[in-house]
Amino acid sequence: MPVARPEPLASRVIAHVDMDCFYVQVEQRKRPELKGVPTAVVQYNSWKGGALIAVSYEARKFGVQRSMRGDEAKKVCPDIQLVQVPVARGKADLNLYRDAGSEVVSLLATKGRCERASIDEVYLDLTGAAEQMLSATPPDTLEEIDEEALKSHVLGLPNDPCSQGEYVKQWLCRSDADHQDKLLACGVIIVAQLRMDVLKKTSFTCSAGIAHNKMLAKLASGMHKPAQQTVVPSSSVTELLASLPINKMKQLGGKLGSSLQRDLGVTTVGNLLDFTEEKLQEYYGRNTGTWLWNIARGISGDEVEGRLLPKSHGCGKTFPGQQALRTLTSVKPWLNGLCEELSERIQSDLEKNKRVAHTLILHAEGFKVCEVPTNRKFPSKSCPLRYGTAKIQEDAWKLFESGLREFLDLQSNEWGITSLTVSASKILPVPAVSLLI
DNA sequence: CATTTTGACGCT
DNA sequence: AGCGTCAAA
């Protein structure tokens, strides 16, 4: 459940940068002939043409959506180019996209604290950079403002397409603006420059949101895509949230959001204003209640963490339908393959980033053929992580066997495994001195 | 038992 | 330690 954090005392400038249909762009950079044509990236393709995980904007015009099957996409968009995710050891291999994501993070981490939020998203705390710009070269003194910054969307401004650029220029350069808005204006210019730099150096476009906190920045980055940016002045927040469907807010797209709608009749984020903090706490607990009360007002104290690398590595594969693994002999090679990939990834993390993983975790899902139907799930198991592919394979196999015994509970001899995942967590930097010894 | 493969974080 | 929720390609 979400937890409320105290708001920093001073106003911050926060950006959320989100790559546009990222996997598609990565494939289009590799194969330039795909640029500008309807394209999607699919995982596997033998079952109904594979599952779409990224869709280009050209393809979206035809109604192609993520989660569609390749065959289905071909029906609504016969000319669509379906590019397959690379496969290694019989499973999808996402390393190409991880590496492309790292390229982007390196460029975005140069202007302030940067948090890698996912393979293709970051949060930036640009407060310092914005303050510095405001004191040295405030926007109203600039002779020329980047065209990219002028193309920004400013929430709350009249959206007359003819004079949009003029309004934006006026907003950016208003010398009578309050300090908060001036800082945001600086953020807009910095983010425009960062996005241009990313495009120039990687050929990837991205969209961005600029606001006073992470929640609003994230909301804004999704409002105008692809390749655009949106700023959220404080004065626009009440109206924005008043009509924002509750499930569009981060963290409220699932069960909590549905429960707000079902149990309290809350349809929009603004509707939350009808409830006292105490009432929300009564329903959802102290932490979540306060968090809800705050987001209704556009308040979110979440800090941008300075973290450019993932906190864990995982490798998994599902075995749906007839593919379920029904014998120890069939599980073993798959588990070994997953461990091999994991071993390579943590070894590379050690060499590139001087970090060591300390815990190995095995997750599985399965079913058993049983007289009395049971709800028991396959239990997750963990142990200290020892480096070396063979050791990881050995340890993961022990974890699997112990999980399977618990799962079967002496109830059944007939079973199937439908998903296997190994992951490495508790990743810590190796102290610099210990590298010398 | 056909989206799949990730990854972060909160609760107990 | 292990489970559940949420999100995005």
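Chain identifiers are assigned alphabetically (A, B, ...) following the order of the sequence lines, protein sequences preceding nucleic acid strands; residue numbering begins at 1 within each chain.
A cation-pi arrangement is present between A:Lys368 and A:Phe407, with the terminal nitrogen or guanidinium carbon under 6.0 Å from the aromatic centre and inside a 45° cone about the axis. Relative to the six-membered ring of A:Phe319, A:Lys317 meets both conditions, a distance below 6.0 Å and an angle of at most 45° to the axis. Cation-pi geometry between A:Lys30 and A:Tyr23 is not met at under 6.0 angstrom from the ring centre and within 45 degrees of the axis.
Listed by residue number, the members of residues 286-300 of chain A with any heavy atom below 4.0 angstrom from DNA chain C form an empty set. Listed by residue number, the members of residues 329-338 of chain A with any heavy atom below 4.0 angstrom from DNA chain C form an empty set.
In this structure, the ring of A:Tyr97 has its center no less than 6.0 angstrom from the ring center of A:Phe22.
Rounding to whole angstrom units, OH of residue A:Tyr123 and P of B:dC9 are separated by 11 Å. The CG atom of A:Leu96 sits 15 Å away from the C1' atom of B:dT6 (whole-angstrom rounding). Atom NE2 in A:His363 sits roughly 16 Å away from atom C1' in B:dT4 (whole-Å rounding). Atom-to-atom, CG of A:Asp99 to C1' of B:dT6 comes out at 15 Å; the value is rounded to the nearest Å. If you measure from atom NZ of A:Lys368 to atom C1' of B:dC1, you get 16 Å, rounded to the nearest angstrom.
Taking only side-chain atoms of A:Glu121, from C-beta outward, the nucleotide of C:dA8, B:dG10, B:dT6 with the closest atom is C:dA8. Taking only side-chain atoms of A:Val3, from C-beta outward, the nucleotide of C:dA9, B:dC11, B:dG7 with the closest atom is B:dC11. For A:Trp47, the listed nucleotide lying nearest its side chain is B:dA2; candidates were B:dT3, B:dT6, B:dA2. Looking at the side chain of A:Arg307, the nearest of the listed nucleotides B:dA8, B:dT3, C:dA7 is B:dA8. You'll find that the side chain of A:Ser382 is closest to C:dA1, out of C:dA1, C:dA9, B:dG7. Of all nucleotides listed (B:dG7, C:dA7, C:dA9), B:dG7 comes nearest to the side chain of A:Pro310.
A side-chain donor-acceptor contact under 3.5 Å links A:Arg307 to the backbone of A:Arg116.
Separating the C1' atom of B:dT3 from that of C:dA7 is a span of 15 Å, rounded to the nearest Å.
Proximity of A:Arg326 to the phosphate of B:dC1: no side-chain N or O atom is located under 4.0 Å from OP1 or OP2. Contact annotation: A:Lys381 does not reach the phosphate of C:dA1 (side-chain N/O to OP1 or OP2, under 4.0 Å). Residue A:Arg98 places none of its side-chain N or O atoms closer than 4.0 Å to OP1 or OP2 of C:dA9. Considering only side-chain N and O atoms, A:Arg66 lies nowhere under 4.0 angstrom from the phosphate OP1 or OP2 of C:dA8. Of the side-chain N and O atoms in A:Ser312, one or more sit less than 4.0 angstrom from OP1 or OP2 of B:dA8. In terms of phosphate contacts, A:Ser380 brings a side-chain nitrogen or oxygen within less than 4.0 Å of OP1 or OP2 of C:dC3. Look at A:Lys311 and you'll find a side-chain N or O under 4.0 angstrom from OP1 or OP2 of B:dC9. For C:dG2, the OP1/OP2 oxygens have no side-chain nitrogen or oxygen of A:Lys377 closer than 4.0 Å. Contact between the side-chain N/O atoms of A:Arg116 and the OP1/OP2 oxygens of B:dT6 is not found at any separation under 4.0 Å. A close approach under 4.0 Å does not occur between any side-chain nitrogen or oxygen of A:Lys255 and OP1 or OP2 of C:dA7.
Backbone-only contact: A:Tyr44 has heavy atoms under 4.0 Å from sugar-phosphate atoms and none from a base. Nucleic acid contact class of A:Leu256 (heavy atoms, under 4.0 Å, all strands): sugar-phosphate only. Backbone-only engagement by A:Ala54 is indicated by non-hydrogen atom pairs under 4.0 Å involving sugar-phosphate atoms exclusively. At a threshold of 4.0 angstrom between heavy atoms, the contacts of A:Pro2 with the nucleic acid are absent. At the heavy-atom level, A:Leu94 lies under 4.0 Å from the strands shown only through sugar-phosphate atoms. Across all strands, A:Thr318 comes closer than 4.0 Å only to sugar-phosphate atoms, never to a base (heavy-atom distances). Counting any heavy atom pair closer than 4.0 Å across all strands shown, A:Lys426 reaches sugar-phosphate atoms only and no base atom. Contact annotation for A:Gln43: base contact, defined as any heavy-atom pair under 4.0 Å involving a base atom. Contacts of A:Gln323 with the nucleic acid, taken as non-hydrogen atoms under 4.0 Å apart, include base atoms. Heavy atoms of A:Gly416 sit nowhere under 4.0 angstrom from any nucleic acid atom. Nucleic acid contact class of A:Lys317 (heavy atoms, under 4.0 Å, all strands): sugar-phosphate only.
A:Phe22 does not qualify as a stacking partner of the C:dA9 base, lacking a centre-to-centre distance under 5.5 Å together with planes within 30°.
The closest side-chain donor-acceptor pair between A:His212 and A:Gln180 falls under 3.5 angstrom. Using modelled atom types and a 3.5 Å distance limit, the side chains of A:Glu365 and A:Thr418 yield no donor-acceptor pair. In summary, the side chains of A:Asp18 and A:Ser221 do not present any donor paired with an acceptor at a separation below 3.5 Å, with no hydrogens or angles considered. Inspection of the A:Ser348 and A:Glu351 side chains reveals no N or O donor paired with an N or O acceptor under 3.5 Å. Residues A:Asn294 and A:Ser300 bring no donor and acceptor atom of their side chains to less than 3.5 Å of each other.
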| How far apart are the C-alpha atoms of A:Ser56 and A:Glu58, what are their side-chain angles, what is the distance that settles it, and do they pass the side-chain hydrogen bond (donor to acceptor under 3.5 Å, both in side chains) test? | CA-CA 5 Å; A:Ser56 78; A:Glu58 294 84 359; 3.1 Å; yes
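Note on A:Lys279 versus A:Glu282: salt bridge recorded, some NZ/NE/NH1/NH2 to OD/OE distance being below 4.0 Å.
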